[in-house]
Participant: 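Quick one: the structure is below, questions incoming.
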Amino acid sequence: MPDFSARLIAWQRRHGRHDLPWQNTRDPYRIWLSEIMLQQTQVSTVIPYYAKFLARFPDVAALAAAPADDVMALWAGLGYYTRARNLHRCAQVVVGQHGGAFPASVEQLAELPGIGRSTAAAIASFAFGARATILDGNVKRVLARVFGVEGFQGEKKVENAMWTLAESLLPSNASDDDVSSYTQGLMDFGATLCVRGKPDCLRCPFAADCVANVTGRQRELPAARPKKTVPTRRTWMLVLRDGNAVMLEKRPPSGIWGGLWSLPEAADEAALAERARTFGSHGAVSPLAPLTHVFTHFKLDIEPRLAELDRGVGALAALGDADTAWVALGDLDSFGVPAPVRKLLDGLQGSLI
DNA sequence: TAACCGTGGCC
DNA sequence: TGGCCAAGGTT
């Protein structure tokens, strides 16, 4: 299909999105920030976070100079927290090694933390007019349908074929505006017309040539991910309360919820009671309503337990421990707290007298 | 190469 | 209700 890019650009200019908060700018900082937040995350989820970040960190220098904990607190609830750490590191590299200006080439961008091949192409095309293709979930779905690419896109062989195909479709002799419209068109077309459930083939500019449409295989393309049963883990969380404050522990930088502040955990009931005593609570440990949190690759059953701190021990319990903090329930916004833990504590606050 | 890494919306 | 997955990158 020699005119794929021309048709897509025309579609984008008439039917695509043109007023998202990170559009209508060529500021690499704003574009980069949006692209990192949008990794595996839907537009509607990102919008409020994007506004918060821009208000607090108006440029890359402000972000680079911020404490890591502040960045994590602002990111809390958005998920995939490695993105937040890499965002912070990337800002510091841009300031420290690039004089505060993002590099303009795909290759240099892709060397920065948190920026892979697709994100580098998005930034380079939007900010610098580079002729480089993205390959995200939208593009993979569109290519699989229009060109009849078989096989699960998680397989290396299939993904390599997709990259090659995507490269071959780039517009030649394109202006900066064309490049920008093309990249945005790939995203918008997949996100709004060639959607997973019910693609709007009647309004599709590729309908007559689309393999999936012509053969009626919209539901078979792209190939579904092989099913896997997700394991269930179980953990006990300690809500150690002192008046209106609870104790939080900073989690290790890697692993689930890396770098966030969460409740102290234990592997069983007895171990949790022991931890409560260690922290200075010798009274009853009472159960709170259990909750289940579903991650991408496992399910987590949480057994929360409430304990009261012995009178006057609060200041001692956290002394000299930088990974422990007492936080008022009304001050959780200034700490990066995992979403289900935040939900649990918000419910607790409402129930306290 | 494949597993790991969050959360919320949709049907 | 539960399966599926979204503007992917890192290890």
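Keep in mind that what you see is a predicted model, and the values were worked out from it rather than measured. Here is the naming used below: chain letters follow the sequence lines, and residue numbers restart at 1 for every chain.
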Participant: Of A:Trp22 and A:Ala110, whose closest DNA chain C nucleotide lies nearer the 5' terminus?
Facilitator: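 Mapping each residue to its closest nucleotide by heavy atoms, the 5'-most match is A:Trp22.
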Participant: Hey, does A:Arg141 reach any base, or is it just sugar-phosphate, or nothing, if we go heavy atoms under 4.0 Å?
Facilitator: sugar-phosphate
Participant: Rounded to whole angstrom, note down the C1' distance from C:dG9 over to B:dT1.
Facilitator: 15 Å
Participant: Measuring only the P atom in each nucleotide, how far is C:dA7 from B:dA3? A whole number of Å is fine.
Facilitator: 24 Å
Participant: Angle class for the A:His293/A:Trp257 ring planes (parallel below 30°, perpendicular above 60°, tilted otherwise)?
Facilitator: tilted
Participant: Measure CD1/A:Ile134 against P/C:dG9 and give the value in whole Å, please.
Facilitator: 11 Å
Participant: State, without any angle test, whether A:Arg83 and A:Thr41 hold a side-chain donor-acceptor pair at a distance under 3.5 Å.
Facilitator: yes
Participant: Can you pull every protein N or O that's under 3.5 Å from an N or O on nucleotides 9-11 of chain B?
Facilitator:
none

Participant: Is it the case that A:Thr119 and A:Gln39 place a side-chain donor and acceptor less than 3.5 Å from each other?
Facilitator: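 The answer is yes; a qualifying pair exists.
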Participant: Distance alone, cut at 3.5 Å: any donor-acceptor contact between the side chains of A:Asp301 and A:Thr292?
Facilitator: yes
Participant: Can you check the A:Ile36 CD1 to C:dG8 P distance for me, whole Å?
Facilitator: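 Checked: the CD1 to P distance equals 11 Å.
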Participant: Inspect the contact between A:Arg305 and A:Glu303 and indicate whether a charged nitrogen and a carboxylate oxygen are less than 4.0 angstrom apart.
Facilitator: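 Counted as a salt bridge, because a side-chain N and a carboxylate O are separated by less than 4.0 Å.
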Participant: Can you find a heavy atom in the side chain of A:Val337 that is under 4.5 Å from one in the side chain of A:Leu260?
Facilitator: no
Participant: Return the set of residues passing ring-ring contact (aromatic ring centres under 6.0 Å, His included) with A:Trp261 (not counting sequence neighbours), or none when no residue passes.
Facilitator: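 Partners of A:Trp261 by the ring-ring contact (aromatic ring centres under 6.0 Å, His included) criterion, ordered by chain and then number, come out as A:Phe335.
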Participant: Would you call A:Arg13 and A:Asp178 a salt bridge, using N to O less than 4.0 angstrom?
Facilitator: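 Result for this pair is yes, salt bridge flagged.
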Participant: Mapping A:Leu112 and A:Gln23 to their closest nucleotides on DNA chain C, which lands nearer the 5' end?
Facilitator: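 Closer to the 5' end of DNA chain C: A:Gln23.
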Participant: Ignoring hydrogens and angles, tell me if any N or O in the side chain of A:Glu167 forms a donor-acceptor pair with the backbone of A:Thr164 under 3.5 Å.
Facilitator: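 Judged by distance alone, no pair lies under 3.5 Å.
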Participant: Determine the interplanar angle of the A:Phe189 and A:Trp11 rings, folded into 0 to 90°, and report it as parallel if under 30°, tilted if 30 to 60°, perpendicular if over 60°.
Facilitator: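 If you compare the ring of A:Phe189 with that of A:Trp11, the planes turn out perpendicular.
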Participant: Give me the residues of residues 185-193 of chain A where at least one heavy atom lies under 4.0 Å from an atom of DNA chain C, by number, or none.
Facilitator: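 The stretch gives A:Met187, A:Ala191 as the residues lying under 4.0 Å from the strand, ordered by number.
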Participant: Check the distance between C:dA7's P and A:Tyr182's OH and give it to me in whole angstrom.
Facilitator: 16 Å
Participant: Rounding to an integer number of Å, can you tell me how far A:Leu87 CG sits from C:dG8 C1'?
Facilitator: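 Value for this atom pair: 15 Å.
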Participant: Could you tell me the separation between the CD atom of A:Glu35 and the P atom of C:dG8, rounded to a whole number of Å?
Facilitator: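 In whole Å, C:dG8 P lies 9 Å from A:Glu35 CD.
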Participant: Below 4.0 angstrom, N of the basic side chain to O of the carboxylate: do A:Arg275 and A:Glu249 qualify?
Facilitator: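 The answer is yes: the pair qualifies as a salt bridge.
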Participant: Closer than 4.0 angstrom, basic N to acidic O: yes or no for A:Lys250 and A:Asp69?
Facilitator: yes
Participant: Under 4.0 Å, counting only non-hydrogen atoms across every strand here, what does A:Trp75 touch: a base, just sugar-phosphate, or nothing?
Facilitator: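 Result for A:Trp75 = nothing.
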Participant: Taking atom P of B:dT7 as reference, at what distance in whole Å does atom CG of A:Leu344 sit?
Facilitator: 13 Å
Participant: Round to the nearest Å and state the distance from A:Leu38 atom CG to C:dC5 atom C1'.
Facilitator: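 Whole-Å distance recorded here is 15 Å.
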Participant: Distances under 3.5 Å only, N/O to N/O: pair up the protein atoms with those of nucleotides 4-6 of chain B.
Facilitator:
| unit_1 | atom_1 | unit_2 | atom_2 | d |
| --- | --- | --- | --- | --- |
| B:dC5 | OP2 | A:His297 | NE2 | 2.7 |
| B:dG6 | OP1 | A:Tyr80 | N | 3.4 |
| B:dG6 | OP1 | A:Tyr81 | N | 2.7 |
| B:dG6 | OP2 | A:Trp257 | N | 2.5 |
| B:dG6 | O4' | A:Tyr80 | N | 3.0 |
| B:dG6 | N7 | A:Tyr80 | OH | 3.4 |
| B:dG6 | N7 | A:Thr296 | OG1 | 2.6 |
| B:dG6 | O6 | A:Tyr80 | OH | 2.9 |
| B:dG6 | N1 | A:Gln40 | O | 3.2 |
| B:dG6 | N2 | A:Gln40 | O | 3.3 |
| B:dG6 | N2 | A:Thr41 | OG1 | 3.1 |

Participant: Can you pull the salt bridge (Lys or Arg N to Asp or Glu O under 4.0 Å) pairs that have at least one residue in residues 195-210 of chain A, sequence neighbours excluded?
Facilitator: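 The answer is A:Arg7-A:Asp209, A:Asp200-A:Arg203.
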Participant: Can you sort out which residues in residues 215-231 of chain A have a heavy atom within less than 4.0 Å of DNA chain C? Ascending by number, please.
Facilitator: A:Arg225, A:Lys227
Participant: Looking at A:Glu265 and A:Arg251, is any side-chain nitrogen of the basic one under 4.0 Å from a carboxylate oxygen of the acidic one?
Facilitator: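 Yes, this pair counts.
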Participant: Pick base, sugar-phosphate or nothing for A:Leu20, based on heavy-atom distances below 4.0 Å to the nucleic acid.
Facilitator: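 A:Leu20: base contact, heavy atoms under 4.0 Å.
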Participant: In whole angstroms, how far is the P atom of B:dA2 from the CD atom of A:Glu159?
Facilitator: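 My rounded result for the distance is 12 Å.
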Participant: Is it true that A:Thr82 and A:Arg85 share a donor-acceptor pair across their side chains at a distance under 3.5 Å?
Facilitator: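 Result is yes, a qualifying pair exists.
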